[in-house]
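The first residue in the sequence is number 1, and the count goes up from there.
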Amino acid sequence: MSMKRKPSVVDNGSQCIFVGTDSRIYSLNLTGTPNETVVSNQTLWDNAAISKDAARLAAITTSVDTSIYVYDYNLQQWKQFVLYNPTFSSGIDAGGVLYADALEWDHTGQYIIYDAKNVISNPLGDFIVTGK
C-alpha cells in the first residue's frame, strides 16, 4: 500500500504505522519477513502516529472535526480528544481549532505533540488564521 504521509516507527524499530492512500491505517512489521496488516479498515483517516512503546496510536481524520483520536492497545478502545485553545481565564477557552495536522508522541508515550489549523477573531471581528 502506498503511504499518504510519513510512517511513525516504534522506538525499537520493530514496526511502523501509516495511513495508506486509501485512508485506512496500516501496521508494517519491520523485523523478519515484512508483514502489512490493516489496523483500522475505516476509510476516514488522514494521519497516524504510534507511541514509542507501541501502547497507543493517535490519529486524525480527513474531516474538519477538531479532534485527535487515541487507540489504547491495552484497553482495546478509541477515545476522542477535542482540541481547543486555552486561555488564562478559568473555565474559558478561545475555541478556534479547526483540525490537527502533524502528530507525534513525546518520548514518554503520554503526550501528543501536534500542529493545528486555528481560526480566531481579533477585537475588530477580523479572522486570524494560524497553522498549516
Side-chain angles (χ1 to χ4, degrees):
M1 171 56 56
S2 296
M3 293 180 224
K4 189 183 265 191
R5 298 183 185 229
K6 72 178 184 83
S8 175
V9 182
V10 298
D11 221 15
N12 67 7
S14 64
Q15 98 182 82
C16 73
I17 295 287
F18 65 92
V19 175
T21 53
D22 61 357
S23 297
R24 290 179 172 90
I25 300 175
Y26 292 88
S27 173
L28 179 61
N29 177 18
L30 300 174
T31 58
T33 304
N35 183 25
E36 184 179 285
T37 57
V38 176
V39 174
S40 175
N41 206 25
Q42 295 175 297
T43 57
L44 55 88
W45 302 110
D46 191 51
N47 197 5
I50 192 162
S51 61
K52 301 305 176 193
D53 62 359
R56 292 175 198 83
L57 168 72
I60 55 173
T61 68
T62 55
S63 301
V64 179
D65 66 356
T66 70
S67 297
I68 295 176
Y69 300 86
V70 175
Y71 184 79
D72 186 308
Y73 284 100
N74 294 324
L75 300 175
Q76 296 186 351
Q77 67 182 19
W78 287 96
K79 183 169 182 180
Q80 178 182 7
F81 292 88
V82 178
L83 306 175
Y84 62 93
N85 291 317
T87 65
F88 291 106
S89 302
S90 179
I92 298 175
D93 71 67
V97 178
L98 295 179
Y99 57 87
D101 185 37
L103 294 171
E104 187 60 66
W105 288 89
D106 78 330
H107 71 283
T108 68
Q110 296 294 313
Y111 301 101
I112 301 168
I113 303 161
Y114 65 92
D115 183 26
K117 173 111 179 187
N118 296 279
V119 175
I120 56 175
S121 60
N122 66 18
L124 299 175
D126 298 323
F127 290 111
I128 303 167
V129 179
T130 64
K132 187 173 184 180

As an exercise, state the distance from NZ of Lys4 to CG of Asp46, rounded to the nearest 0.5 Å.
4.5 Å

Any side-chain heavy-atom pair from Glu104 and Lys52 closer than 4.5 angstrom?
yes

Side-chain heavy-atom pair Arg5, Asp101 within 4.5 angstrom cut-off
yes

OG1/Thr61 to CD/Gln42 distance, rounded to the nearest 0.5 angstrom?
10.0 Å

Count the heavy atoms of every other residue, nucleotide or ligand shown that sit under 6.0 Å from CD of Gln76, and state whether that count exceeds 12.
no

If we check side-chain hydrogen bond (donor to acceptor under 3.5 Å, both in side chains) with Ser40, which of these qualifies: Trp45, Tyr71, Tyr69?
Trp45

Taking Val82's backbone N and O only, do any of them form a donor-acceptor pair with Thr66's side chain (distance below 3.5 Å, no angle check)?
no

All heavy atoms of Val97 vs all of Ala116, minimum pair found to be CG1-CB, 4.0 Å

Does any N or O in the side chain of Ser63 come within less than 3.5 Å of the main-chain N or O of Asp65, such that one atom is a donor and the other an acceptor?
no

Find out if a path of hydrophobic residues (ILVMFWY) with successive side-chain heavy-atom gaps under 4.5 Å connects Val39 to Phe18.
no

Is there a path of hydrophobic side-chain contacts, each under 4.5 Å between heavy atoms of I, L, V, M, F, W or Y residues, that connects Val19 with Met3?
no

Tell me whether Tyr73 at atom OH has more than 12 heavy atoms from other residues, nucleotides or ligands lying less than 6.0 Å away.
yes

Distance check, rounded to the nearest 0.5 Å: Ile25 atom CD1 versus Thr37 atom OG1?
11.5 Å

Distance-only, no hydrogens or angles: does the Asp115 side chain make a donor-acceptor pair with backbone N or O of Ala102 under 3.5 Å?
no

Does one hydrophobic cluster hold both Leu57 and Val10, with members joined at side-chain heavy-atom distances below 4.5 Å?
yes

Out of curiosity, Ile60 CD1 to Asn47 CG, how far, rounded to the nearest 0.5 Å?
5.0 Å

Heavy-atom side-chain contact between Lys79 and Asp72 under 4.5 Å
no

Measuring from atom CZ of Arg56 to atom CG of Leu75, what distance do you get when rounded to the nearest 0.5 angstrom?
8.5 Å

OG/Ser51 to NE2/His107 distance, rounded to the nearest 0.5 angstrom?
13.0 Å

Can you confirm whether the side chains of Ser27 and Asn29 place a donor and an acceptor under 3.5 Å from each other?
no

Any Ser23 side-chain heavy atom under 4.5 Å of Thr62 side chain
yes

